[in-house]
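Whatever order the structure lists ligands and atoms in, that order sets their numbers, starting from 1. The figures that follow rest on heavy atoms only: side chains count, while hydrogens, waters and symmetry mates do not.
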Amino acid sequence: MDFNSRDLDPDPMSSDLDQSRHLATAIPGPRSVELMKRKQAAVSAGVATTLPVFAARAAGGIVEDVDGNRLIDLGSGIAVTTVGSSAPRVVEAVSEQVAAFTHTCFMVTPYEGYIAVAERLAELTPGDHEKRTALFNTGSEAVENAVKIARVATGRDAIVVFDHAYHGRTNLTMAMTAKNMPYKKGFGPFAGEVYRAPMSYPFHDAAEIDGKLAAERAIAMIEAQVGADQVAALVIEPIQGEGGFIVPAPGFLAALAEWCQTNGALFVADEVQSGFGRTGTWFAVEHEGVVPDLLVSAKGIAGGLPLAAVTGRAEIMDSVHPGGLGGTYGGNPLACAAALAVIETIESDGLLERARQIEDILVGRLRELQQSDPRIGDVRGRGAMVAAEFVDPVTGKPDGALARAVAAHAHRCGVIALTCGTWGNVIRFLPPLSISDELLDEAFTIIAQGLAQGLAGTK
Ligand SMILES: *Cc1c(COP(=O)(O)O)cnc(C)c1O
């Protein structure tokens, strides 16, 4: 399929958003400045924003702000609008559903959409065993429920997570998240029975630490400090998101999954960020041939409507007593309608293949840049989940200031670029799969300019 010339948007409802970058004012423009004043007066300072511009419309690879600036989207609202914002099928499905009924609560009078999403997840997630799904509202909530399910199913308490992990901001998921600032600082005490094991981080690990050795290192820690027979579940992001788009060494995930199987612990894949086509497969564990016992999805699942899921082996999911799982809004009918439309869009528009094309473009250009710029320590990622990690070329130390300078340059030029990583020294590329090659190319050129200009201001 030709992704540049095709009409991405046959629906008149959202097809009029020009797919080009355009700066009508300085960033931020006057209307955004005005709204930011209102935000400061009305919204908690704890809720920060990456860019100071307010959105008016978004589609394809563009976010248009209230001043008429059109920004190239390299963030997808943090890996959520994978099929594009206001994607035509999603708009249609949600419009139909909102007119039919908005909510009954699945636990009171259920509806078909919830079941249809569970059926599709059983087909799309790895493994051909019998599966069940439970739906929730947010990634954090779904991770919490995966832990609840794992504890009931195994009769054990301990949860093992990894260095650099991000699993959310609720009390239990804060305990599971690694980074103190801004996610945990001052918010404790945190939930107990959460243990942290060393991650495989090829760029920072010694060269001889391959996936197998990294897994042995983690397992040795778990066996000595937690006890193999105490572990309910290992919860791991197959590619870490907020922690820095860390792709573990080949074999690491498979060795951990095998250890889980041998020791009666569950292998839980947190695919909240890496799932739903983002990495060029439906789920990132597929690249490693791993079949998780439980898989958590959210973010990209419903094109921006709040939905999250735990999908797993039938006997594990069914071990919970009736009424033990649920919530007022979990699997809301609008969100379910959106999820079914997202799945159809990924399938019909060949978006898994598109994610792999985006990987080729981004990784290719980043590697090219890396040849002549030793500050780019590492280029990594899969599909449309790609990152560059910046270091001081002399000391090898993380260079967060450079990542911030590059992102700030991008923002001034009308490119939504995000940073991540334990040391804040990673620029991440998370474009919607509906972005054109031209916009991707233009955004990359601006990032490269930012890098060239960041030369003086860093260290
Ligand atoms: C974003 C994220 C979460 C939390 O999801 P929310 O919807 O923000 O609660 C959990 N795990 C991973 C890997 C994430 O990227």
Side-chain angles (χ1 to χ4, degrees), residues 46-50 75-82 125 134-148 150 159-179 182-184 187 190-191 194 196 199 201 233-248 253 267-279 282-285 290 292 294-311 327 329-332 335 338-339 342 381-387 418-422 426 428-430:
V47 184
T49 72
T50 304
S76 306
I78 318 187
V80 170
T81 52
T82 303
T125 52
L135 298 179
F136 304 97
N137 302 290
T138 67
S140 308
E141 193 193 356
V143 170
E144 292 230 359
N145 277 279
V147 169
K148 283 165 64 174
I159 301 298
V160 175
V161 293
F162 289 80
D163 286 333
H164 312 286
Y166 182 86
H167 297 292
R169 293 175 181 266
T170 57
N171 185 264
L172 173 58
T173 57
M174 274 194 294
M176 297 168 71
T177 289
K179 195 173 174 178
Y183 307 122
K184 303 171 77 162
F187 296 140
F190 304 112
V194 174
R196 195 168 307 285
M199 181 65 184
Y201 194 159
L234 260 61
V235 182
I236 189 162
E237 301 155 86
I239 298 178
Q240 289 183 318
E242 306 304 299
F245 282 25
I246 300 161
V247 185
L253 296 174
F267 184 92
V268 180
D270 179 347
E271 293 250 18
V272 170
Q273 192 156 160
S274 59
F276 261 80
R278 180 51 55 187
T279 69
W282 279 99
F283 296 97
V285 275
V290 168
L294 300 179
L295 185 150
V296 184
S297 27
K299 292 201 165 101
I301 190 173
L305 277 85
L307 188 71
V310 180
T311 303
Y329 292 118
N332 171 272
V342 163
R382 283 189 164 122
M385 187 173 184
V386 168
L418 304 176
T419 60
C420 64
T422 295
V426 177
R428 57 172 150 175
F429 295 81
L430 273 172

Which ligand 1 atoms, with their elements, are less than 4.0 angstrom from a heavy-atom of Lys299?
-> 1 (C), 2 (C), 3 (C), 14 (C), 15 (O)
Test side-chain contact (heavy atoms from CB on, under 4.5 Å) applied to Gln273 and Ile239, Val80, Leu430, Thr279, the passing residue = Leu430
Decide whether an N or O pair under 3.5 Å exists between Gly168 and ligand 1.
-> no
Contacting atoms of ligand 1, where contact means under 4.0 angstrom from a heavy atom of Asp270 = 10 (C), 11 (N), 12 (C), 13 (C)
Using a strict 4.0 Å cut-off to heavy atoms of Gly139, name the atoms of ligand 1 that fall inside it.
-> 4 (C), 5 (O), 6 (P), 7 (O), 9 (O)
Does any N/O atom on Glu141 come nearer than 3.5 Å to any N/O atom on ligand 1?
-> no
By salt bridge (Lys or Arg N to Asp or Glu O under 4.0 Å), Glu237 pairs with (sequence neighbours left out) none
For ligand 1, is there an atom lying under 4.0 Å from some heavy atom of Ser140?
-> yes
Here the pair of heavy atoms bringing Ala302 nearest to Ala335 is CB-O, 3.7 Å
Heavy-atom neighbours of Tyr183 OH exceed 12 at 6.0 Å = yes
Of all the heavy-atom pairs spanning Glu144 and Asn171, show the shortest one and how long it is.
-> OE2-N, 4.1 Å
Contact region, Glu271 to ligand 1, non-hydrogen atoms below 4.0 Å, reads neither
Ligand 1 versus Ala298, non-hydrogen atoms closer than 4.0 Å: side chain, backbone, both, neither?
-> neither
Are any of the N/O atoms in Glu242 less than 3.5 Å from those in ligand 1?
-> no
Salt bridge or not for Arg428 and Glu242, using N-O below 4.0 Å?
-> yes
Which residue, Thr173, Val160, Val161, forms the side-chain contact (heavy atoms from CB on, under 4.5 Å) with Val194?
-> Val161
Numbered in order shown, the ligand 1 atoms found under 4.0 Å of a heavy atom of Thr138 are 7 (O), 9 (O)
Heavy-atom distances under 4.0 Å are what count here, so tell me which part of Glu237 touches ligand 1: side chain, backbone, both or neither.
-> side chain
Could you pull out all residues at least two apart from Phe136 that satisfy ring pair (Phe, Tyr, Trp, His ring centres under 6.0 Å)?
-> none
